[in-house]
Amino acid sequence: VLDGLRHLEYRGYDSAGLAVLDRAGELQVRREVGKLANLSRLVDEAPVEGQIAIGHTRWATHGPPTQFNAHPHVSGGGLLAVVQNGIVENYHALRERLIGEGYVFTSDTDTEVIAHLVHLYYQNGSHGDLVDATRRALGDLRGPSAVVVVCRDHPDKLVAARLGNAGGVAVGYGEGEMLIASDIPALAPHTRRIAYLDDRQMAVLTANGADYFTLDGEPLVKDASRLEWDADAVDRGEFHHFMQKEIFEQGRSLTDTLRGRLDFVGGQVRLDSLNLSAEQVRTLEKITIVACGTSYFAGLVGKFLVERLARLPVEVDYASEFRYRQPIVNPQQLVLAITQSGETVDTLAALEEARRRGARTAAIVNATGSQAARVCDGIIAMQAGPEIGVASTKAFTASVVDLCLFALYMAQARGAVDETARRELLDALVRLPGQVGELLAEARQGDHYARLAARFGEFSNFLYLGRGIHYPIALEGALKLKEISYIHAEGYPAGEMKHGPIALIDGQTPTLVIAPRDSIYEKMVSQVEQVRARGGAVLAVAHAEDAQMRQLADAILPIPVTHELLTPVLSVIPLQILAYEVALHRGADVDQPRNLAKSVTVE
Ligand code: AGP
């Protein structure tokens, strides 16, 4: 359990705990605030032996991070223990009802009501049937929940249930053991055979297998799927951080993203998993991309790609806005979600809203066992391997390449791009992973970025500027810096400088510009001159051979030349590395930045 929790640390947490059914059949609970090292110390001081156990890392929603608010929560004087992800939206009413039934609460969390509810039904009505008691308790909850229950009277089983979108629930089939976890990295070191719980489903695990039911008690048959990556994918290897590993494996991950999708003979892109025929493509009048954070910025790049190649209008919307906007959606629209985890609650809700209004849905998703992958009409897998670092890197570049493939696929179906243009882009796509690999190899050899971090890492504000297809890269670069080094960084369309941001420029606000030699290069040159004229330092992502920019800027973040539409995949990489080095320079916790979780599964 502790090893499993360590593999889930990246999801962010502020306290942790576990419960073990010991040899004497007693439930032993250990809980502690802070990092897992604190919990491990407790377990070392008071070791406990057992065949069945549950554990949890808590990201506080209701109630501050304290030992008493940490999960598991116990009821019935140590009869049973519960861990939960999600939110009990009606916990006030349930808490009052349970207090009325004589329960004494020892925490100020919403989760504790679940433990007492299971106990209440276990004692009254379920006649000691733990599965039935759990089912009834879940029936009283409003809001998303994923729970696991262990009970002293049933030393051979774990009962799990999923209600709504509270992050994944994955069942792992080990050798003579069964496992369950909210995310694959906790299971990968033990098994590659995984089954997933959907909304309103339960699993009863014993050492030899699992039985599945709906929350209405109907038996379910579930097959285990085979995990497409193995244990070392969730290991840092020779890197210091997962984020560093994931930045530097983008040459390989992009090779995997392209795998099986380029038909060189016909020069065609193949996206069978999108489940969208050429005829269906031709009926589409608009595409709406919904996503959050880094995935939203990838969507902004996607707008350029689809509109340029497929000549189809694209709207990009924050999922958290789309879901409440009463969006104008119809069957002639495709709503495309971009989500690495496939469990982001706002993105799932936006997909639900789109489906409710009759649109066709699809997802560009990395975790293919996730809820998003299951609810959409079709998917484009990122095929980037597990992304553990909270700051998304290889998933972003995989999303942009998937969006390029998607744009080409739409263009093919609509006859919207000529043969030469298509071949040119395909040739550039094939070369891209190699170029990324060279760029990363060069960055890893020198200390160019470490020196930039030492020189610019003490500033408190940064401005990131980009034009056209590079404007989203300015936004993404700013997000990378702010989320792992806690420096305030703002991305802006370069053309907006005169409409306000130029007031910010002084010697204390370095400006990062993305300025490859493309059709709007000259405008970026004048931008750089304006910033320099006001005493602002300029760091420029520019083509390595660009002597003019080397003259103009204080520092260059070099990239190779590629097709204009693919340059964002290259220009984001120096910004990822810079953010990483600045965070190191400032001693920040790169893989678990404060207040952040890898997958935002609760609102
Ligand atoms: C990006 O570095 C952040 N970790 C965050 O913005 C993330 O991109 C966002 O939460 C969306 O996650 P998803 O792609 O898993 O839906």
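Position 1 is the first residue of the sequence; numbering continues from there. Only this structure's heavy atoms are used, side chains among them; waters, hydrogens and symmetry mates stay out. Both counts, for ligands and for their atoms, begin at 1 and track the order of listing.
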Please list every donor-acceptor pair under 3.5 Å in which a side-chain atom of residues 295-304 meets a protein atom from a residue at least two apart or in another chain.
| residue | atom | partner | partner atom | Å |
| --- | --- | --- | --- | --- |
| K303 | NZ | E307 | OE2 | 3.0 |
| K303 | NZ | V314 | O | 2.7 |

Atom 10 (O) of ligand 1 [closest protein heavy-atom partner, distance rounded to 0.1 Å]: V600 CG2, 4.1 Å
What part of T344, side chain from CB on, backbone N/CA/C/O, both or neither, has a heavy atom under 4.0 Å from ligand 1? side chain
Got the closest protein heavy atom to atom 7 (C) of ligand 1, with its distance? T294 N, 4.1 Å
Region of K480 that comes within reach of ligand 1 [heavy atoms, distance under 4.0 Å]: side chain
Which heavy atom of the protein is the closest neighbour of atom 11 (C) of ligand 1, given with residue, atom name and distance? C292 O, 3.4 Å
cation_pi(R586, Y486) dist<6.0 Å, angle<=45: no
Side chain to side chain, F462 and K482, heavy atoms closer than 4.5 Å: no
Atom 14 (O) of ligand 1 - nearest protein heavy atom and its distance: S295 OG, 2.6 Å
Does an N or O anywhere in K598 fall below 3.5 Å from an N or O of ligand 1? no
Compute both the distance and the angle, then confirm whether R236 meets the cation-pi test with F242: under 6.0 Å from the six-membered ring centre, within 45 degrees of the axis. yes
Subset of ligand 1 atoms that lie under 4.0 Å from at least one heavy atom of S392: 1 (C), 2 (O)
Any sub-3.5 Å donor-acceptor pair from S225's side-chain atoms to I194's backbone N or O? yes
Going by the atom numbers of ligand 1, which of them fall below 4.0 Å from some non-hydrogen atom of A391? 2 (O)
Report yes or no: does T567 contribute a side-chain atom to a donor-acceptor pair with the main-chain N or O of H563 at less than 3.5 Å? yes
Among protein heavy atoms, which lies nearest atom 2 (O) of ligand 1, and at what distance? E483 OE2, 2.4 Å
Side-chain donor-acceptor pairs of residues 377-393 under 3.5 Å, sequence neighbours excluded:
| residue | atom | partner | partner atom | Å |
| --- | --- | --- | --- | --- |
| D377 | OD2 | T361 | N | 2.8 |
| D377 | OD2 | T361 | OG1 | 3.4 |
| Q383 | NE2 | D256 | O | 2.6 |
| E387 | OE1 | S392 | OG | 2.8 |
| E387 | OE1 | K598 | NZ | 2.7 |
| E387 | OE2 | S392 | OG | 3.4 |
| E387 | OE2 | T393 | N | 2.9 |
| E387 | OE2 | K394 | N | 3.2 |
| E387 | OE2 | A395 | N | 2.9 |

Would you call K286 and T288 a side-chain contact if the rule is heavy atoms closer than 4.5 Å? yes
Quick note on ligand 1: atoms under 4.0 Å from a heavy atom of V390 include exactly 2 (O), 3 (C), 4 (N)
Residue portion contacting ligand 1 (non-hydrogen atoms closer than 4.0 Å) for E343: neither
